[in-house]
Each structure stands twice: as structure tokens, then as C-alpha cells.
**Student:** 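Here you go, one structure.
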Amino acid sequence: MKTIFVPADFTSNTIKVAQEAVQAFECDIRLLFVHAFNMPDSEQDLLFGSYRNESRKYVSPEFLKELEDLKDVFSYKVKNVIVDFFYGTTPMLFSSYLDYYDVSLIVYSSEQSFGDLSANSVDMRTLIRQSECKSVDIDSSAIFQSLSTPFARI
């Protein structure tokens with residue numbers, strides 16, 4: 001099973017990126033949707049994890065519905081979907097995060113916003129470039145440009 005990391009801004013663009021990635025592979029897939037935030041600087045937040053609950057508010061019910069639709073349409077391939085948050089800005093920490101989830105590929109769109117959810121959001125482009133994990137921009141990769149079938153809601 002391949003784990004595909006999708007940087008998430010929790011919009012339809014994120015779903016589009018994931019859908020194109022799913023169409024490109026013939027194997028079982030685990031989708032990992034991640035948005036990055038700076039580490040909290042409050043000791044209380046670090047100790048009690050209140051910042052983690054705060055992050056969940058950015059995931060809209062509409063986004064979750066679109067995720068369910070994607071999973072239903074591609075149920076024969078998509079075996080698991082995870083929505084998560086990465087806290088940090090260092091390449092070493094990001095690399096450990098990718099290793100933990102056994103990420104095979106990072107798929108993103110250059111048209112996607114990476115750090116616009118909140119003032120604490122981190123633009124992951126630098127972390128992605130510095131990581132040793134293979135990454136693909138669906139807007140410039142030939143394999144993804146050949147996939148023109150739009151995602152049909154069922």
C-alpha cells in the first residue's frame with residue numbers, strides 16, 4: 001500500500017489533488033491530508049494540547065463530505081484516509097513525520113495555498129523541497145496532465 005501525502009488547505013482544490021493522485025496509481029492507497037502549523041509557544045498549550053483541538057475547526061463539514069465521496073468512488077483503491085496536522089518548521093521533524101506515516105509520495109498543486117488558514121500556518125513548500133521524499137506537482141507533471149477526467153460526485 002502506498003501512502004500519499006497531500007498538503008491540505010481543506011478546500012476543493014485539496015480534493016482535486018488527491019483525486020488525481022488516486023487515478024494515477026493502480027495499487028491500494030492511504031491518503032494523508034496534512035496542514036502545517038508553527039509549534040505553539042505557550043507552555044500551557046504544549047502541556048495540555050489545546051492547540052490540537054483549535055486546529056480541527058479548519059476542517060469543514062463540506063470538506064469531510066467531499067472526502068467521503070472520494071473514498072466511496074475509489075473504495076477499491078483508497079483503503080484509508082487520515083486528516084492530520086503537522087506542528088513544526090524543521091526539515092528533520094518533517095522527515096520524521098513522513099517516516100512515521102511511511103509516506104511514498106507527496107502530491108501537491110502549485111496553485112494551492114499552503115499556509116493561509118491562520119496566522120500560525122506554515123507554508124510546507126520549503127519542507128517538501130528539503131525532504132528526501134519524492135514529490136510531484138500535479139500542475140507540471142506529465143503523468144497528471146494526462147488525467148483529464150473530472151471527479152464526478154455520486
Side-chain angles (χ1 to χ4, degrees), residues 1-40 49 51-118 120-147 149-151:
M1 179 179 337
K2 290 198 178 291
T3 301
I4 299 176
F5 179 104
V6 182
D9 59 3
F10 306 115
T11 65
S12 295
N13 289 338
T14 303
I15 299 294
K16 176 185 170 250
V17 170
Q19 182 250 334
E20 291 193 30
V22 169
Q23 286 180 325
F25 293 97
E26 296 301 323
C27 59
D28 290 347
I29 294 171
R30 173 170 60 170
L31 292 171
L32 176 61
F33 294 89
V34 180
H35 186 78
F37 290 100
N38 285 310
M39 284 293 285
Y51 63 95
R52 291 188 182 271
N53 292 334
E54 179 82 10
S55 303
R56 295 270 170 218
K57 73 180 182 184
Y58 296 109
V59 183
S60 70
E62 295 81 18
F63 179 80
L64 293 174
K65 171 70 172 111
E66 288 186 64
L67 265 185
E68 282 303 314
D69 292 346
L70 177 72
K71 190 173 179 186
D72 289 346
V73 169
F74 295 103
S75 61
Y76 62 97
K77 276 195 225 183
V78 178
K79 302 304 178 191
N80 193 4
V81 175
I82 300 168
V83 175
D84 198 18
F85 300 94
F86 171 74
Y87 299 92
T89 57
T90 64
M92 184 178 237
L93 186 60
F94 187 67
S95 177
S96 295
Y97 183 88
L98 297 175
D99 287 345
Y100 176 78
Y101 281 106
D102 193 25
V103 173
S104 308
L105 179 68
I106 300 171
V107 180
Y108 64 95
S109 167
S110 56
E111 296 176 5
Q112 191 177 3
S113 65
F114 284 84
D116 295 343
L117 283 183
S118 81
N120 289 328
S121 292
V122 172
D123 186 339
M124 282 193 276
R125 281 178 263 238
T126 303
L127 293 171
I128 291 169
R129 274 193 303 271
Q130 292 174 345
S131 78
E132 294 179 7
C133 187
K134 183 176 179 177
S135 61
V136 177
D137 178 352
I138 65 165
D139 299 320
S140 63
S141 175
I143 189 170
F144 289 106
Q145 289 177 354
S146 66
L147 300 172
T149 309
F151 178 53

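Excluded from the calculations below are hydrogen atoms, water molecules and symmetry mates; all remaining heavy atoms, backbone and side chain alike, are included.
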**Student:** When you compare the side chains of E66 and S12, does any donor N or O come within less than 3.5 Å of an acceptor on the partner?
**Tutor:** yes

**Student:** For V81 and F33, which heavy atoms make the closest approach, and how far apart are they?
**Tutor:** CG1-CE1, 3.8 Å

**Student:** To the nearest 0.5 Å, tell me how far K65 NZ sits from I15 CD1.
**Tutor:** 11.0 Å

**Student:** Taking the side chain as every heavy atom from C-beta outward, state whether V6 and Y108 have any atom pair closer than 4.5 Å.
**Tutor:** no

**Student:** side-chain contact (heavy atoms from CB on, under 4.5 Å), that's the test. Do F63 and T11 meet it? Break it down for me.
**Tutor:** CA-CA 6 Å; F63 179 80; T11 65; over 6 Å; no

**Student:** Who are the side chain to side chain donor-acceptor pair (under 3.5 Å) partners of T89, not counting sequence neighbours?
**Tutor:** none

**Student:** Compute the ring centroids of Y58 and F10, then answer whether they are less than 6.0 Å apart.
**Tutor:** no

**Student:** Could you report the tightest heavy-atom contact between V136 and K134, atom names first, then the distance?
**Tutor:** CG2-CE, 4.3 Å

**Student:** Run the side-chain donor-acceptor check on residues 96-106: report pairs under 3.5 Å with partners two or more places apart or on a different chain.
**Tutor:**
{"from": "S96", "atom 1": "OG", "to": "M92", "atom 2": "O", "distance (Å)": "3.2"}
{"from": "Y97", "atom 1": "OH", "to": "D84", "atom 2": "OD2", "distance (Å)": "2.6"}
{"from": "Y101", "atom 1": "OH", "to": "D84", "atom 2": "OD2", "distance (Å)": "3.0"}
{"from": "S104", "atom 1": "OG", "to": "T3", "atom 2": "N", "distance (Å)": "3.3"}

**Student:** To the nearest 0.5 Å, what is the distance between CG on L127 and OG on S135?
**Tutor:** 11.5 Å

**Student:** Please tell me if the side chains of L67 and L31 come closer than 4.5 Å, counting only heavy atoms from C-beta onward.
**Tutor:** no

**Student:** What distance separates S110 OG from R125 CZ, expressed to the nearest 0.5 Å?
**Tutor:** 8.0 Å

**Student:** If you look at every heavy atom in E26 and Q23, which pair is closest and at what distance?
**Tutor:** OE2-O, 4.4 Å

**Student:** Is the shortest heavy-atom distance from the side chain of E20 to the side chain of V107 under 4.5 Å?
**Tutor:** no

**Student:** Tell me if the aromatic rings of F5 and F86 count as close, with their centers under 6.0 Å from one another.
**Tutor:** no

**Student:** Can you name the nearest heavy-atom pair linking A21 to I29, along with the distance?
**Tutor:** O-CD1, 4.5 Å

**Student:** Going by heavy atoms in the side chains, are Y87 and L93 under 4.5 Å from each other?
**Tutor:** no

**Student:** H35 side chain to F85 main-chain N or O, any donor-acceptor pair under 3.5 Å?
**Tutor:** no

**Student:** Indicate the atoms forming the closest heavy-atom contact of P7 with T14, along with that distance.
**Tutor:** O-CG2, 4.0 Å

**Student:** Looking only at heavy atoms, which two atoms of K77 and V22 are closest? And how far apart?
**Tutor:** NZ-O, 2.7 Å

**Student:** Could you tell me the separation between the NZ atom of K79 and the CZ atom of F74, rounded to the nearest 0.5 Å?
**Tutor:** 13.0 Å

**Student:** Quick check on K2: does its NZ atom have over 12 non-hydrogen neighbours (other residues, nucleotides or ligands) under 6.0 Å away?
**Tutor:** no

